[in-house]
Engineer: 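I'd like to ask some things about the structure below.
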Amino acid sequence: RLGHLEDEPQQLARGGRVWPYLPLGEVRVFFGGNAWSAPARYVRELDLDEAVARVRFEAGGTEHRREGFVSAPDQVAAFRFRVEPTQKVDAVIHLARKYDAHTRQPACEDETDTLIFTGTAGTLGPHFVAALRVVCQDGHVNRAGDRLMVRGADELVLLVAVASDFASPRSETELVREALATVGAAAAHGWDGLRARHVADYQRLYGRASLVIEGHNATENRPVDERI
């Protein structure tokens, strides 16, 4: 056993045991309109009470709001994009990974709001399938090759679900079916329902303990970059 332990750093250095832990890839979203104008009043925050990340900024006279979280009860990563007050969201979305993966259309041609992303995490790593579902309020979604095109949406929601054969051998067909079922079930909750389920599940654990520091501090309402 000692010899086995001594070999562990070398195996890790060669990547022999890290394949199951590689990043899945990137969800790339390219926005139209004034989203590429020079941003102003940029704010980024992580709400530790709700486990929700948020970004807001102004560009071209329009306020952009974005938030995202990873839901344990529904097993999806969820992101919402909004433009206020009256602008529409135009975007091109696709999934990308440098190696070992490709994007394709679902077998059902009616699923014009979904992309399937398949690949293998390294030479000997697990096989995986990701399903990306676009849900937009008003507007239109069309598929163009390995991309989804959104036009004229009041609100854009992206949901990503993943299935893999890490725990047990399964065919790609089975993995696709699982990923599509997961993302479909999450979409059925709607954004508000999905977010509420995530927050309730998270706070059930996070809220079991709290830390209160007595006394008033002049810097307690200032962001970290100003405090240091």
Side-chain angles (χ1 to χ4, degrees), residues 23-71 74-97 103 105-106 110-117 130-162 182-200 202 223-225:
L24 171 71
E26 299 177 351
V27 178
R28 296 180 179 175
V29 185
F30 300 92
F31 291 96
N34 57 20
W36 294 104
S37 303
R41 304 176 66 85
Y42 182 92
V43 177
R44 181 174 61 184
E45 62 182 2
L46 173 61
D47 187 333
L48 293 180
D49 189 52
E50 296 187 341
V52 175
R54 301 187 186 92
V55 172
R56 67 179 184 274
F57 62 93
E58 294 179 2
T62 302
E63 184 178 48
H64 297 255
R65 291 180 175 268
R66 303 170 182 177
E67 64 178 344
F69 56 86
V70 177
S71 170
D74 290 295
Q75 291 292 292
V76 294
F79 311 91
R80 180 171 70 167
F81 305 85
R82 305 180 69 180
V83 181
E84 299 178 353
T86 59
Q87 296 293 318
K88 302 292 185 179
V89 178
D90 296 333
V92 178
I93 304 116
H94 75 115
L95 287 160
R97 177 182 169 90
T103 304
Q105 301 175 1
D110 293 334
E111 294 185 271
T112 59
D113 57 358
T114 305
L115 290 176
I116 297 297
F117 189 61
L132 183 150
R133 173 72 52 84
V134 171
V135 182
C136 65
Q137 183 174 312
D138 297 326
H140 303 280
V141 182
N142 294 295
R143 192 170 55 220
D146 62 352
R147 287 165 169 74
L148 295 175
M149 319 283 288
V150 177
R151 294 289 181 267
D154 290 334
E155 175 180 295
L156 173 62
V157 171
L158 304 182
L159 303 174
V160 180
V162 182
T182 300
V183 80
H189 291 298
W191 178 262
D192 292 338
L194 191 66
R195 189 181 187 283
R197 287 165 55 83
H198 158 69
V199 171
Y202 171 76
V224 174
D225 60 332

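As a basis for the values below, the full set of heavy atoms in this structure was taken, side chains included, without hydrogen atoms, waters or symmetry mates.
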Engineer: How far apart are the C-alpha atoms of Val76 and Leu194, what are their side-chain angles, what is the distance that settles it, and do they pass the side-chain contact (heavy atoms from CB on, under 4.5 Å) test?
Structural biologist: CA-CA 10 Å; Val76 294; Leu194 191 66; 4.3 Å; yes

Engineer: What heavy-atom pair brings Val183 and Val160 nearest, and what distance separates the two atoms?
Structural biologist: CG2-N, 4.5 Å

Engineer: So do the side chains of Glu155 and Val89 get within less than 4.5 Å of each other, counting heavy atoms only?
Structural biologist: no

Engineer: Any chance you could lay out the side-chain contact (heavy atoms from CB on, under 4.5 Å) test for Val83 and Lys88, step after step, and finish with the verdict?
Structural biologist: CA-CA 7 Å; Val83 181; Lys88 302 292 185 179; over 6 Å; no

Engineer: Identify the two heavy atoms, one from Trp191 and one from Ala78, that lie closest to each other, and give their separation to 0.1 Å.
Structural biologist: CZ3-CB, 3.7 Å

Engineer: Please evaluate residues His64 and Phe81 with respect to the criterion side-chain contact (heavy atoms from CB on, under 4.5 Å), reporting the C-alpha separation (whole Å), side-chain torsions for both, the decisive distance (0.1 Å), and the verdict.
Structural biologist: CA-CA 8 Å; His64 297 255; Phe81 305 85; over 6 Å; no

Engineer: Looking at every heavy atom in both Phe31 and Ala91, which two are closest together, and how far apart are they?
Structural biologist: CD2-CB, 4.0 Å

Engineer: Could you tell me whether the side chain of Asp113 reaches within less than 4.5 Å of the side chain of Leu148, counting heavy atoms only?
Structural biologist: no

Engineer: With His94 as reference, evaluate Glu26, Met149, Arg28 under the side chain to side chain contact (heavy atoms under 4.5 Å, CB included) test and give the passing residue.
Structural biologist: Arg28

Engineer: Looking only at heavy atoms, which two atoms of Pro39 and Phe57 are closest? And how far apart?
Structural biologist: CB-CD1, 3.9 Å

Engineer: What I'd like to find out is whether the side chain of Leu156 reaches to under 4.5 Å of the side chain of Val134, using heavy atoms alone.
Structural biologist: yes

Engineer: Quick one: pull up CZ in Arg133 and CD1 in Ile116 and give me the separation to the nearest 0.5 Å.
Structural biologist: 8.5 Å

Engineer: Are any non-hydrogen side-chain atoms of Arg80 and Arg195 less than 4.5 angstrom apart?
Structural biologist: no

Engineer: Quick check: does any side chain N or O of Asp90 sit under 3.5 Å from a backbone N or O of Gly152, one acting as donor and the other as acceptor?
Structural biologist: yes

Engineer: Restricting to non-hydrogen atoms, name the atom on Asp47 and the atom on Asp49 that form the minimum distance, rounded to 0.1 Å.
Structural biologist: OD1-N, 2.9 Å

Engineer: Could you point out which residue of Arg41, Glu84, Gln87 forms a side chain to side chain contact (heavy atoms under 4.5 Å, CB included) with Glu63?
Structural biologist: Glu84

Engineer: Give me the ring orientation class for His198 and Phe69: parallel if the planes are under 30° apart, tilted from 30 to 60°, perpendicular past 60°.
Structural biologist: parallel

Engineer: Give me the atom names and distance for the closest heavy-atom approach of Asp74 to Ala186.
Structural biologist: CB-CB, 4.4 Å

Engineer: Applying side-chain contact (heavy atoms from CB on, under 4.5 Å) to Val55 and Tyr42, what does each step give before you reach the verdict?
Structural biologist: CA-CA 7 Å; Val55 172; Tyr42 182 92; 3.7 Å; yes

Engineer: Which distance, rounded to the nearest 0.5 Å, do you find between the OH of Tyr202 and the CD of Glu50?
Structural biologist: 9.5 Å

Engineer: Enter the distance from Leu95:CG to Arg147:CZ here, rounded to the nearest 0.5 Å.
Structural biologist: 10.5 Å

Engineer: Between Arg54 and Arg65, is any pair of side-chain heavy atoms under 4.5 Å apart?
Structural biologist: no

Engineer: Is a donor from one side chain sitting under 3.5 angstrom from an acceptor on the other, for Thr112 and Arg143?
Structural biologist: no

